Number of protein chains: 2
Amino acid sequence: MIAAQLFQPDALELQEFLREQLLEPGRWLQIGGEMEVVYVGRAASTADAGDYLLMLKPDRTLQIHAAKGIKPLNWQPQVDSLELLEDDGRVVLVAERARPQEIVRVAFLETAFALALTARDEGGLVLHGSEAEMQRSLAAHPELIEVGLELLDVELPVGVGGVDLYARDQHGRIVVVELKRGRATHEAVHQLERYVNRIRDTVADEVRGILAAPEVTAPARTRLEELGLEFCEVTALPELDDERDAQPGLFAGRDEDDHSAR
Amino acid sequence: MIAAQLFQPDALELQEFLREQLLEPGRWLQIGGEMEVVYVGRAASTADAGDYLLMLKPDRTLQIHAAKGIKPLNWQPQVDSLELLEDDGRVVLVAERARPQEIVRVAFLETAFALALTARDEGGLVLHGSEAEMQRSLAAHPELIEVGLELLDVELPVGVGGVDLYARDQHGRIVVVELKRGRATHEAVHQLERYVNRIRDTVADEVRGILAAPEVTAPARTRLEELGLEFCEVTALPELDDERDAQPGLFAGRDEDDHSAR
DNA sequence: GTTTCGATATCGGTT
DNA sequence: AACCGATGTCGAAAC
């Protein structure tokens, strides 16, 4: 995994290292030390000299981390052009992105280490519990929302955006379902309201709106009731402990559902 | 900056390294190599064995990066408990978070390197061009939105959320301004609509709504016009080139504004 | 502690 | 290329 390494390099050594490694395709660079970082683009920022860690991945994404936080201090989601300069005896890296026009400029004051790595293709990440998965499960088992519910469509386009689940209840009324994988806020209610109003105006006079989520905030619940809309508790993940029977079958046929949904 | 380093360690050496370094406060750990990562919490994920980079910062945030993307493959914004285990001859790190209850489990298959760093306190980051800064500037110079506009309030609470700028125009009409630092979408229009309706219901019959942003999407603009709301072009950052005169004074008195706003 | 909103959001899908 | 919505969003401020 390590293709090249360098410790406590001076400016000249670092420059040589970078000049060489930046030309190698697929390199994953990590440089730790004292740096100054300036960003100008959608916004602009300046970081005083400090101990940071620069990471330049093979896909030309750049991030500079400080000792705190999940998020980097500065970053560049796509580096289109990379320049290596010298300024006042310091090595300077300028990473530019064309659209939006943005620049991250890193000046290396004192470098503790520089690593050039090679990484094999990553093994795929499989994520469960996304809203998309929830949608597939509920589309295959609409009775988990309400007995007698008959699915008519998923992601039905209505003005801007799409209705998560579009269905008909046992009394023949149109039902609009808005899904949230986490606690639903007033924004979700607002989204549901928008869809219900649109369907009411264009399709049927009587339309029910259901917000389906594991939880709902108090203000959202209040607003729901004011609007005559409903809430239905559904979980995005099967229970982690022995309580799997609490929501029987929600994910029982997931693999099959995945296929049937495509 | 480097407190300890280890290359191509076997399981025993890695375990000893971690046991030692995890007890040291303030350590910034980086481990590169082949790992398997499992996450269970709000959602759940599994990453097949692959070359990843684990970073555990002194503030007990954890992230595991793959070779692609700004965002980590897996992460933990706050590690409340950290456990070092052994499973089938492999070193395993389990990082747990209490609320929400979440676990990230990393199994080290083959480690290329492990670094323990110490980092001085970071120099502060100064960011310009945030919506908050925009708000301060426009609050100090409401004439940049419209001649004769008189500011009444900022972040005026109205039901849920707050009105960015609350003002009165030269004809005495109430004006609600919604700010966006980037291109405004239909969501911003919706937010504005909600505020305008609320003010209309509770304060004055005639209320104007202005969406102030550098740009607006076409659908959002259409929706704005349907609702009888207005758009005003304002920029979040002063121009980067010589065209600073294009928006004279927007940030001219920024420092003073900052003080007066506090 | 809960809720809300901003973010250089990033990221992926669809039109 | 623009637009839209989800995200294990994260993070901070207001309440």
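Chain identifiers are assigned alphabetically (A, B, ...) following the order of the sequence lines, protein sequences preceding nucleic acid strands; residue numbering begins at 1 within each chain. Note that this is a predicted model, so its numbers are computed, not measured.
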Open item on the list: On a heavy-atom basis, which atom in A:Ala44 and which in B:Leu237 lie closest, and how many Å separate them?
Closed with: N-CD1, 4.1 Å

Open item on the list: Counting primed atoms plus P, OP1 and OP2 as sugar-phosphate and everything else as base, spell out the protein contacts along nucleotides 8-15 of chain D at 4.0 Å heavy-atom distance: B, S or - for each nucleotide, 5' to 3'.
Closed with: BSBS----

Open item on the list: Testing the 3.5 Å rule here: is there a donor-acceptor pair between the side chains of A:Glu96 and A:Gln76?
Closed with: no

Does [X] have a side-chain nitrogen or oxygen under 4.0 Å from the phosphate oxygens OP1 or OP2 of [N]?
X	N	result
B:His128	C:dT8	no
A:Arg183	C:dT2	no
B:Arg99	C:dT2	yes

Open item on the list: Regarding A:Ala218, tell me which of base, sugar-phosphate or nothing describes its non-hydrogen contacts under 4.0 Å with the strands shown.
Closed with: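 Sugar-phosphate, no base atom in range.
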
Let me know the distance between [atom1] of [X] and [atom2] of [N], rounded to the nearest Å.
X	N	atom1	atom2	answer
A:Gln135	D:dA6	CD	C1'	11 Å
B:Glu131	C:dA9	CD	P	11 Å
A:Glu215	C:dG1	CD	C1'	13 Å
A:Lys180	C:dT3	NZ	P	16 Å
B:Asp164	C:dC5	CG	P	10 Å
B:Tyr195	C:dT4	OH	P	10 Å
A:Met134	D:dG5	CE	P	18 Å
A:Glu96	C:dT8	CD	C1'	15 Å

Is any side-chain heavy atom of [X] closer than 4.5 Å to a side-chain heavy atom of [Y]?
X	Y	result
B:Arg105	B:Val92	yes
A:Val177	A:Leu138	no
B:Arg223	A:Val160	no
A:Arg181	B:Arg42	yes

TODO: Select one nucleotide: of C:dT2, C:dG6, C:dT3, the one nearest the side-chain heavy atoms of A:Pro219.
DONE: C:dT3

Pick the [atom1] atom in [N] and in [M], then give their distance to the nearest Å.
N	M	atom1	value
C:dC11	D:dG11	P	16 Å
D:dG8	D:dC4	P	22 Å
D:dG5	D:dT9	C1'	13 Å
C:dT8	C:dT4	P	22 Å

Open item on the list: To the closest 0.5 Å, what do you measure between CG (A:Leu53) and NE2 (A:His65)?
Closed with: 7.5 Å

Open item on the list: Between B:Arg183 and B:Glu215, does any NZ, NE, NH1 or NH2 come within less than 4.0 Å of an OD or OE carboxylate oxygen?
Closed with: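 Looking at B:Glu215 and B:Arg183, the cut-off is met.
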
TODO: Could you say whether B:Leu125 or A:Glu187 is positioned toward the 5' end of DNA chain C, judged by the nucleotide with the nearest heavy atom to each?
DONE: A:Glu187

